[in-house]
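Following: one structure in structure tokens, then a few remarks.
Order of listing sets the numbers, starting from 1, for every ligand and every atom in it. All figures in this text were calculated on a predicted structure; none of them were measured in a lab.
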Amino acid sequence: MNVTTLPKPPRVGLVSLGCPKALVDSERIMTKLRADGYDMSPDYAGADVVLVNTCGFLDSAKEESLAAIGEAIAENGRVVVTGCMGKEADVIRNRFPDVLAVTGPQQYEEVVAAVHDAAPPVPSPFVDLVPEAGLKLTPRHYSYLKISEGCNHRCAFCIIPHLRGDLVSRRPDAILREAEKLVAAGTKELLVISQDTSAYGVDLRHKAWPWKGAEVRSHMTDLARELGRLGAWVRLHYVYPYPHVNDVIPLMGEGLVLPYLDIPFQHASPSVLKRMRRPANDAKVLERIRNWRAQVPDLAIRSSFVVGFPGETEEDFAYLLAWLEEAQLDRVGAFKFEAVEGAPATAMEDQVPEEVKQERFDRIMALSARISADKLARKVGSTIEVLIDAVDEETGGATGRSKADAPEIDGEVHLRDAGALQPGHIVLARIEGADDHDLFGVPF
Ligand code: SF4
């Protein structure tokens with residue numbers, strides 16, 4: 001009998017930094033490498049080459065990226081760098097001349113080629129398989145779905161358009177095929193991400209493609225509806241409050257899309273928004289939110305805000321707090337303005353002193369915690385659906401999320417007497433308590 005001895009595949013270590021979009025890039029790269037016959041290494045020592053996917057959004061993120069590269073060089077020595085910081089290849093090469101290759105964001109072919117050069121693949125028809133949904137770095141039951149790259153806006157504090165270029169939307173049929181595979185492989189929640197989800201398809205002039213015997217337009221509403229028909233939770237991130245977002249709200253009423261909108265408002269004061277050069281800077285936003293909530297009363301709105309933007313006065317900040325009281329947003333993340341090299345806001349006059357930024361940050365966080373606590377307290381006694389993320393066998397408890405909670409950034413639902421559950425289960429739970437950000441309950 002002839003027995004074929006399988007060659008040992010080369011092993012790749014991965015350090016993935018940055019936002020969910022960078023995580024999706026890492027997933028794509030690793031999926032391709034797995035398809036090419038590579039194994040993953042959980043540590044530096046076992047890796048033939050280490051891939052560092054960097055983030056270059058803020059100066060602090062750049063420093064973190066450089067530190068990660070330095071650690072990989074020290075621990076392993078054979079390092080390929082990719083991601084947003086790859087745009088600054090000179091900085092990386094000056095500091096780490098031993099780096100094998102530096103590639104930029106979305107240069108999937110280049111980064112895969114660099115790994116091939118550093119540790120050539122050993123082809124084998126027996127092992128060159130990849131799971132239907134690709135190799136995922138998030139848990140099996142939720143998946144990020146990237147629908148476009150880049151951004152047509154030029155917000156004064158942001159260098160993403162410089163790093164990633166103008167908006168390039170994916171074809172809707174390709175997105176839907178990917179989503180279908182993910183759902184077939186066990187995904188219970190699709191997290192739609194991009195720099196500007198409401199602008200999806202603008203670059204394609206909202207052209208339609210054939211899909212399941214009909215057509216689907218490259219438009220946020222059509223895409224959201226078709227995603228909703230796949231049977232998983234669909235959560236929309238990075239939505240700007242353009243008028244056409246009104247058309248997505250009925251899809252929430254129909255149960256096709258989660259009653260959740262992640263809208264990065266960043267500020268409320270008209271003068272700050274103007275200096276920030278924010279899109280959809282519209283005085284009617286509060287009215288629009290009221291209309292949405294009239295249609296979908298359990299709509300959860302999350303947003304992020306920058307405090308201490310150059311020129312922000314106490315009056316501007318007070319306007320923001322009053323606006324938040326009025327808007328009653330469910331989830332709020334705040335950031336102190338950070339000057340980023342290359343962003344126009346960095347060179348603006350009237351930079352706000354650090355201690356003022358900190359004081360405003362503390363005030364906005366305190367206000368948003370109070371609003372959140374009030375809203376969560378009203379859920380005590382209700383029964384809600386919870387998607388289980390983790391089960392603690394020792395305590396018999398489980399942690400999950402309601403429809404109002406995105407992973408990593410929002411609150412959690414802590415369940416007692418839930419040891420029989422598994423990650424990915426969706427259960428009904430009765431809510432027994434609440435704090436500033438989380439709910440506590442028991443499976444129903
Ligand atoms: S909308 Fe503004 S903040 Fe968001 S990626 Fe585009 S330029 Fe940056």
- Message: Check for me whether the distance between the ring centres of Trp323 and Phe265 falls short of 6.0 Å.
- Response: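 Yes, ring centres under 6.0 Å apart.
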- Message: Measuring from non-hydrogen atoms of Arg277 to any atom of ligand 1, is the shortest distance under 4.0 Å?
- Response: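 For ligand 1, residue contact (heavy atoms, under 4.0 Å) with Arg277 is absent.
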If you count the atoms of ligand 1 from 1 in the order shown, which ones are under 4.0 Å from a heavy atom of [X]?
{"X": "Tyr240", "result": "1 (S), 4 (Fe)"}
{"X": "Arg278", "result": "2 (Fe), 3 (S)"}
{"X": "Gln195", "result": "5 (S)"}

Donor on one side chain, acceptor on other, [X] and [Y], under 3.5 Å:
{"X": "Ser194", "Y": "Asp196", "value": "no"}
{"X": "Ser218", "Y": "Ser169", "value": "no"}
{"X": "Asn291", "Y": "Gln295", "value": "no"}

- Protein contact to atom 6 (Fe) of ligand 1 [nearest heavy atom, distance to 0.1 Å]: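 Residue, atom and distance for the closest contact: Cys151 SG, 2.3 Å.
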- Message: Looking only at protein heavy atoms, which one is nearest to atom 8 (Fe) of ligand 1, and what is the separation?
- Response: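 Looking at atom 8 (Fe) of ligand 1, the protein heavy atom closest to it is Cys158 SG, 2.3 Å.
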- Task: Just go through Cys155, Pro264, Pro161 and tell me whose heavy atom is the nearest to atom 2 (Fe) of ligand 1.
- Result: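 When every heavy atom of Cys155, Pro264, Pro161 is considered, Cys155 comes closest to atom 2 (Fe) of ligand 1.
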- Message: If the threshold is 4.0 Å, N to carboxylate O, is there a salt bridge linking Lys146 and Asp25?
- Response: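 Yes.
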- Query: Under 4.0 Å between a Lys/Arg side-chain N and an Asp/Glu carboxylate O for Glu180 and Arg177?
  - Reply: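 Salt bridge: no.
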